[in-house]
Structures are given as C-alpha cells and as structure tokens.
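Encoded as structure tokens, the structure appears first; notes follow it.
Whatever order the structure lists them in is the order used to number ligands and atoms, beginning at 1. Side-chain atoms are counted along with the backbone in the values below, which use heavy atoms only and exclude waters and symmetry mates.
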Amino acid sequence: MKAENNCIVIFGASGDLTHRKLIPALYNLYKIGRLTENFSVLGVARSELNDETFREKMRQALIKHEKANGDMLEKFCSHLYYQPINTSDAQDYGKLVPRIDELHDKYQTCGNTLYYMSTPPSLYGVIPECLATHGLNTEEYGWKRIIVEKPFGYDLKTAHALDIQIHRFFEEHQIYRIDHYLGKETVQNLLVLRFSNGLFEPLWNRNYIEYVEITGAESIGVEDRGGYYDGSGAMRDMFQNHLLQVLAMVAMEPPAIINANSMRDEVAKVLHCLHPLTQEDLKNNLVLGQYVKAEINGETVAGYLQEKGVPEDSNTETYMALRCEIDNWRWAGVPFYVRTGKRLPVRVTEVVIHFKTTPHPVFSKSAPENKLIIRIQPDEGISMRFGLKKPGAGFESKEVSMDFRYADLASPSLLTAYERLLLDAMKGDATLFARTDAVHACWKFVQPILDYKAERGRVYEYEAGTWGPTEADKLIAKAGRVWRKPSGAMKKKV
Ligand code: BG6
C-alpha cells in the first residue's frame with residue numbers, strides 16, 4: 001500500500017539524522033513506488049539554506065549513502081524544499097504557513113502534513129506549541145501527525161512533563177513516537193513466529209522456558225556523539241527504549257487482532273508487569289560498565305574517557321546487564337537477562353529462548369540444551385538448537401541446529417526501519433510506534449535503576465573489544481549460567 005499524499009515537514013533538516021536516515025528512507029520509498037508523485041518535503045532549520053542549496057546537500061547525501069544517480073535522483077530532489085526559521089521562536093513559524101499552503105496546492109496534498117522532530121530533545125515541547133500558535137496542528141483541513149524522535153524524556157518525571165506539553169497541542173492519535181527497533185523486520189517477525197505457529201505458542205511460558213537472554217551488542221564506540229551519549233548512557237540510549245520494546249515483543253500476550261490499539265494494549269500490559277526493582281534487587285542483579293583503551297586487531301582503540309566530548313572523570317555506563325522478571329501468569333519466575341554495550345567484540349542483536357531440559361537425562365550426564373535463537377541483526381534469521389545422537393557407537397548426544405536466514409529468501413529485500421516507519425506514519429498506521437502508556441511503563445521500570453546508579457551504582461571497567469566486565473559473568477553465573485557469545489567475534493590481540 002502506498003503512502004497517502006502529504007507534505008513532510010522535517011525540523012532539524014540540516015542535522016545528521018535527516019541526511020543519513022530520513023532523506024535516504026524517503027528516496028528509497030519513492031524509488032520502489034511507495035510514495036506517489038503527490039508528496040513534498042519541507043526542510044526546516046536555522047541554517048540559512050534555500051531550496052536549491054538544500055537540494056544539493058541532500059543530492060550529495062543520497063549519492064554518498066544510497067549510490068543514487070540519474071533521473072530518479074533528480075525527480076526525487078525536485079520534491080524537496082527548505083525554509084530557514086528560528087525553531088524556538090513562535091513568531092518565526094509564521095513563515096511556514098504560506099510555504100506549507102503553497103506545497104499543499106502544488107502537490108494536491110489536501111492539507112495532510114507529517115511533522116518530523118529531528119531536533120535536539122529540548123525542542124520537542126517547543127515545536128508543537130509554536131505550530132499551534134499558527135493553527136498548524138488542527139485537523140480541519142487534512143490530517144496532522146507529529147513524529148517524535150527518542151529520547152522521550154530523560155527520566156520518569158521529564159517524560160511525563162513532555163507528554164503533557166505535547167498533548168496540549170496534539171492528540172494521542174496524532175503523535176507517533178518512533179523507536180526504530182520496532183521498524184526492524186526481525187523484531188516484527190517475533191510476533192509472526194509466536195502467534196502464527198501452533199508449534200511455539202504452547203511452549204512459550206514458564207512451564208517450558210528456563211530463561212531468556214536479550215543482547216544488544218555494538219562493536220563501535222560512541223564515535224563523535226560523546227557529548228550526547230555522556231548525558232544518556234547505555235540505560236537511556238538502548239535499554240529504556242529499544243531493548244525493553246524487544247522484551248515486550250518476546251513476552252506480550254497475543255493481541256486479539258493486529259491493529260494499533262490491540263497490539264499496543266498488549267505491549268503496555270506486559271511492560272506494566274515488569275517486576276519493580278528494589279535497591280536490594282539492583283545490588284544483586286545489575287552490572288554497569290565503561291570501556292577502557294585496548295588493542296583490537298592490532299589497533300589501539302580509545303577508552304570511553306578519551307572519546308571526544310566526554311568529561312575525563314565521567315561515570316557514564318557504556319555497558320549494562322540486568323536480570324529482571326515479569327510478574328504475570330505466563331512468566332512468573334522466569335529470569336530475563338538483558339545486556340547491551342558499546343565496544344563489545346561484535347555487533348549483534350539477538351534473543352535467545354532457553355528451554356528447560358528433559359526431566360531426566362537418559363543418555364548422558366547432562367541433557368542437551370534446547371534453544372531458539374532469534375537473530376535481529378545482522379544476518380537476520382532464526383536458529384533452533386537441540387541435541388541429536390553423535391553417529392557411531394553409544395548414545396552420546398551433540399548440539400545441532402536448524403537455521404533459517406532471511407538472506408536465503410527468494411526476494412530478501414527488506415524495508416529498513418526508517419522506511420517502514422515513515423511509510424506507516426504516512427498511512428496513519430501507529431501499530432509500530434510507542435504509545436504513551438508503554439513509554440511511561442518503561443520509565444517507571446527504569447527510574448529505580450537511574451536512582452540506584454546516581455546514589456551507589458558502581459561502574460566497572462572492561463577492555464574495549466571484550467564482552468563487558470567480568471562482574472556481568474558473575475551475575476549470570478549465580479544461577480549456573482553463562483552468557484551466549486554470539487559468533488563473528490573479532491579476536492582480540494593483546
Ligand atoms: C540509537 C542509539 O538509538 O540506536 C545508538 O542512539 C545506537 O547509540 C543505535 O548505536 C543502534 O541502532 P542499530 O539499529 O544500529 O542497532
């Protein structure tokens with residue numbers, strides 16, 4: 001299905017996200033025919049660009065990131081426009097009114113407008129109010145939707161305040177809070193895997209599942225985002241949003257039907273069931289880490305404290321591991337081990353469902369483990385691990401696997417997360433966007449962790465290129481378990 005005709009207004013148009021992700025995503029949607037000719041993009045920022053200079057910047061970005069060229073590139077760029085304004089000055093938004101009107105007329109977009117806030121978070125409360133000053137939020141003529149980039153707040157209190165601010169000018173059905181993990185094909189596939197196969201659902205509960213591991217590992221450091229990252233840390237940057245959303249997809253109940261409300265009802269319900277963490281729980285079940293300088297493949301890699309924009313005495317965590325539980329009928333007593341970090345040996349996001357072993361090991365001292373590994377990225381796929389007989393005499397078992405890889409599909413071309421989510425927003429489908437109650441539930445769960453860290457959370461060192469602090473191994477070892485070390489790991493030379 002194609003996007004509805006509309007004008008996309010991007011605030012923060014001279015920023016990194018616009019030229020690295022948003023414009024490439026729109027270009028690709030256009031290329032595959034998911035955007036009609038009736039669309040326009042109005043870039044808005046403080047920089048003094050005009051339509052031509054903005055087009056040229058975007059053209060260069062598309063050539064660089066998408067290897068775009070030829071007619072398609074020129075046709076796409078002809079839909080791009082630019083208006084400089086001071087984004088924190090309500091009066092200046094008056095300049096947008098004739099521009100947007102003109103674009104609606106030219107492209108017959110019936111007043112449909114999608115606003116994208118790709119700005120510093122300090123403007124998330126300001127922009128809706130400034131738009132409202134000029135009536136640019138009302139739906140009398142066409143729909144008006146607003147996409148909010150993460151972070152939705154800094155903690156429970158600020159998230160709540162931000163929500164109130166935006167809700168003063170936009171109703172919940174107009175607000176699209178983007179979490180790009182929900183746009184990932186394999187995250188969505190978790191739902192199809194679970195709810196359209198009779199095979200898994202009967203096993204998907206405390207009776208058959210021993211524990212669940214969720215890993216969001218990155219091999220890169222903080223790159224040139226030290227300034228932003230230092231105020232955020234792994235907890236706010238990855239855990240509070242992306243990984244809790246993945247956890248919700250693993251743990252939620254089946255929705256009665258797939259639509260935005262029933263799906264998001266189930267997501268919110270399961271997030272509300274996360275067992276509230278006491279300071280004592282956190283002492284035993286949380287490990288924070290920060291990477292230090294090391295050599296990876298013969299090259300010296302800077303430690304976090306040497307990264308640009310990071311204060312030399314920073315206590316920000318670049319790694320976290322947490323054991324948590326979900327207090328409901330399906331999951332009572334099943335530990336969820338969640339970890340994420342920068343500068344780990346390999347980039348991989350995966351969910352591992354560890355099934356219980358047979359009640360009595362008939363063939364060897366320990367029964368083989370049964371695992372379902374859902375690889376979210378890269379090399380998207382699903383792998384089922386179980387034991388079979390080693391050929392030859394006796395009845396010794398060994399682990400074998402049955403693997404599905406997306407790359408093996410006849411037409412594996414997947415929409416990227418931003419392509420999928422922008423398209424959905426233009427179609428008015430909010431299923432894969434975070435609803436206010438789910439965001440609130442995530443912050444409510446995370447707030448005690450933030451408090452604990454502020455008061456007494458110790459941040460352990462780990463060498464860049466390793467799997468995090470040894471304390472994280474001890475955390476999972478308390479139950480006699482070990483973290484999975486996903487393959488593809490770079491060998492660390494000392
Ligand atoms: C972003 C974080 O939201 O997600 C980054 O701000 C992180 O720090 C990125 O690197 C990870 O996304 P992906 O899609 O590369 O896993």
Side-chain angles (χ1 to χ4, degrees), residues 12 15-22 24-25 28 65 116-121 124 147-154 159 176-190 214-249 288-291 301-302 304 307-310 314 316-320 338-351 374-381 406 414-422 432-434 439 442-443 446 464 468 486 488:
D16 199 48
L17 186 72
T18 304
H19 70 81
R20 263 191 329 109
K21 297 279 183 197
L22 306 183
N28 286 326
H65 299 301
Y116 199 119
M117 295 200 281
S118 164
T119 59
Y124 293 173
I147 299 187
V148 192
E149 258 295 335
K150 63 152 235 196
F152 320 123
Y154 189 69
Y176 287 65
R177 298 175 193 80
I178 205 163
D179 183 312
H180 78 280
Y181 267 56
L182 291 179
K184 291 185 192 279
E185 186 71 24
T186 344
V187 175
Q188 296 152 33
N189 199 27
L190 257 164
I214 300 179
T215 298
E218 295 185 273
S219 51
I220 54 169
V222 294
E223 303 190 293
D224 51 2
R225 298 164 72 228
Y228 146 77
Y229 192 89
D230 200 62
S232 175
M235 210 142 30
R236 293 183 173 93
D237 188 54
M238 287 289 291
F239 178 75
Q240 181 274 335
N241 38 59
H242 306 326
L243 294 186
L244 284 183
Q245 291 292 342
V246 172
L247 179 145
M249 297 288 133
L288 302 173
Q290 188 184 80
Y291 61 84
V301 168
Y304 178 68
E307 301 278 16
K308 210 168 86 203
V310 174
S314 169
T316 295
E317 77 286 355
T318 59
Y319 174 96
M320 75 170 277
V338 187
R339 63 178 166 164
T340 180
K342 300 260 185 213
R343 282 279 183 233
L344 300 188
V346 64
R347 173 177 182 250
V348 62
T349 308
E350 66 170 29
V351 175
I374 301 156
R375 179 95 163 196
I376 290 170
Q377 64 183 16
D379 200 10
E380 293 88 347
Y406 266 87
L414 312 175
L415 289 184
T416 65
Y418 275 97
E419 287 161 16
R420 169 71 198 256
L421 294 173
L422 275 166
L432 298 175
F433 290 83
V439 174
C442 290
W443 276 120
V446 167

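Defined by atom type and a distance below 3.5 Å, a donor-acceptor pair is present between the side-chain atoms of Tyr116 and Glu149.
Of the protein's heavy atoms, His180 NE2, 3.1 Å lies nearest to atom 12 (O) of ligand 1. Shortest contact from atom 10 (O) of ligand 1 to any protein heavy atom: Glu218 OE2, 2.5 Å. Of the protein's non-hydrogen atoms, the one nearest atom 14 (O) of ligand 1 is Lys184 NZ, 2.6 Å. The shortest contact between atom 6 (O) of ligand 1 and any protein heavy atom is with Asp237 OD1, 2.6 Å. In terms of protein heavy-atom proximity, atom 15 (O) of ligand 1 is closest to Arg347 NH2, 3.3 Å.
With Gln377 as the fixed residue, the side chain to side chain donor-acceptor pair (under 3.5 Å) test singles out one of Lys184, Glu185, Glu350: Lys184.
Both the sub-6.0 Å distance and the 45° axial angle are satisfied by Arg236 relative to the ring of Tyr154.
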For Thr215 and Leu344, run side chain to side chain contact (heavy atoms under 4.5 Å, CB included): C-alpha distance rounded to whole Å, both residues' side-chain angles, the deciding distance at 0.1 Å, then the answer. CA-CA 11 Å; Thr215 298; Leu344 300 188; 5.8 Å; no

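Checked by distance only, ligand 1 and Tyr229 stay at 3.5 Å or farther apart across all their nitrogen or oxygen atoms.
Atoms of ligand 1 found under 4.0 Å from any heavy atom of His242 (numbered from 1 in listed order, with element): 1 (C), 3 (O), 4 (O). Every atom of ligand 1 with a heavy atom of Lys342 under 4.0 Å away is listed here by number and element: 5 (C), 7 (C), 8 (O), 10 (O). When each atom of ligand 1 is checked for a heavy atom of Lys150 under 4.0 Å away, the hits are 1 (C), 2 (C), 3 (O), 6 (O).
Tyr418 and His180 have parallel rings, their planes meeting at less than 30° on a 0 to 90° scale where 60° marks the start of perpendicular. The aromatic rings of Tyr176 and Phe433 sit perpendicular, their planes meeting at an angle over 60°, well past the 30° parallel limit.
Within the structure, the closest approach of Thr349 to ligand 1 does not fall below 4.0 Å when heavy atoms are considered.
Separating the OG1 atom in Thr186 from the CD1 atom in Ile374 is a distance of 10.0 Å, to the nearest 0.5 Å.
Nearest-residue assignment for atom 5 (C) of ligand 1 (options Arg225, Glu149, Arg236; heavy-atom criterion): Arg225.
Between Thr316 and Gly233, the closest heavy-atom pair is CG2-CA, 3.4 Å.
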